[in-house]
Amino acid sequence: QVQLVESGGGLVQAGGSLRLSCAASGRTFSTNPMAWFRQPPGKEREFVAAINWSGGSTYLVDSVKGRFTISRDNAKNTVYLQMNSLKPEDTAVYYCAATRRVGGFGATNYALKSVYDYWGQGTQVTVSS
């Protein structure tokens with residue numbers, strides 16, 4: 001059974017940093033893209049960042065570019081989201097996602113929720129002003 005388990009969320013002041021981790025078990029995703037989404041209070045789940053199988057290509061939503069970094073460690077079957085210069089509008093439940101698809105970012109729109117087959121349970125990030 002495939003599981004994605006997020007950790008690292010919490011309460012932080014504006015301007016602070018957090019590092020989220022997502023550990024996968026049940027199968028390896030070393031040949032598959034992975035991603036982070038978030039769901040702010042009262043809003044729909046939205047794309048944050050994606051990373052290709054090797055970590056050599058990443059794709060981030062404009063609102064987090066320059067502040068967030070996505071990375072992965074295939075030996076640990078884990079993907080990370082480093083979040084710096086956090087803002088109150090970053091407050092959300094953050095979800096890790098994995099897909100069975102293979103291929104580069106040019107072939108598939110990895111910002112779409114429908115692309116992903118597996119989801120974690122989410123971790124809460126709260127940024128106070």
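Start at 1 with the first residue, then count along the sequence. None of these values were measured; they are calculated from a predicted model.
When atom types are taken as modelled, the side chain of T99 and the backbone of V115 share a donor-acceptor pair closer than 3.5 angstrom. Side chain of D117 to backbone of R100: a donor-acceptor contact under 3.5 angstrom is found. In this structure, the side chain of N77 engages the main chain of F29 through a donor-acceptor pair within 3.5 Å.
Annotation: cation-pi pair R19/Y80 present, NZ/CZ under 6.0 Å from the ring centroid and within 45° of its normal. Annotation: cation-pi geometry satisfied between R45 and W119 (NZ/CZ under 6.0 angstrom from ring centroid, within 45° of ring axis).
From Y94, atom OH reaches atom OG1 of T123 across 10.5 Å, with rounding to the nearest 0.5 Å. With rounding to the nearest 0.5 angstrom, the NZ atom of K113 is 11.5 Å from the CZ atom of F47. One finds the CD atom of Q82 at 12.0 Å from the CZ atom of R67 (value rounded to the nearest 0.5 Å). To the nearest 0.5 Å, atom OG of residue S57 and atom CD1 of residue I70 are 11.5 Å apart. Once rounded to the nearest 0.5 Å, the distance linking CZ of R72 with OG of S30 reads 7.5 Å. For the atom pair CG (L81) and CD1 (I51), the distance works out to 10.0 Å, reported to the nearest 0.5 Å.
Judged by distance alone, the side chains of Y110 and R101 never bring a donor and an acceptor atom under 3.5 Å apart. Defined by atom type and a distance below 3.5 Å, a donor-acceptor pair is present between the side-chain atoms of N32 and R27. Residues Q124 and T126 bring a donor and an acceptor atom of their side chains to less than 3.5 Å of each other.
G8 approaches L18 most closely through the heavy-atom pair O-CD2, 3.8 Å. Between L60 and A49 the shortest heavy-atom distance is CG-CB, 3.9 Å. Across every non-hydrogen atom of C96 and V79, the tightest pair is SG-CG1, 3.8 Å. Between A24 and L4, the shortest heavy-atom distance links the atoms CB-CD2, 3.4 Å. Closest non-hydrogen pair, P88 versus A14, comes out as CD-CB, 4.1 Å. For the residue pair G120 and E6, the shortest heavy atom distance occurs at CA-OE2, 3.2 Å.
The existence of a salt bridge linking D62 and K65 is confirmed by a sub-4.0 Å separation between a basic side-chain nitrogen and an acidic carboxylate oxygen.
Remark: aromatic rings of F37 and Y95 are distant, center separation not under 6.0 Å.
Hydrophobic clustering (ILVMFWY, side-chain heavy atoms < 4.5 Å, transitive): L112 and W53 are in distinct clusters. Note on L11: it does not cluster hydrophobically with F68, by side-chain heavy-atom contacts below 4.5 Å among ILVMFWY residues. Follow the hydrophobic side-chain contacts under 4.5 Å out from V125 and you never reach V5; the two are in separate clusters.
The shortest distance between side-chain heavy atoms of M83 and L20 falls below 4.5 Å. Using a 4.5 Å heavy-atom threshold, the side chains of E46 and P40 count as touching.
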- Message: Working note: R38 + V64, criterion side chain to side chain contact (heavy atoms under 4.5 Å, CB included); need CA distance, chi angles, decisive distance, verdict.
- Response: CA-CA 12 Å; R38 66 185 179 187; V64 307; 4.0 Å; yes

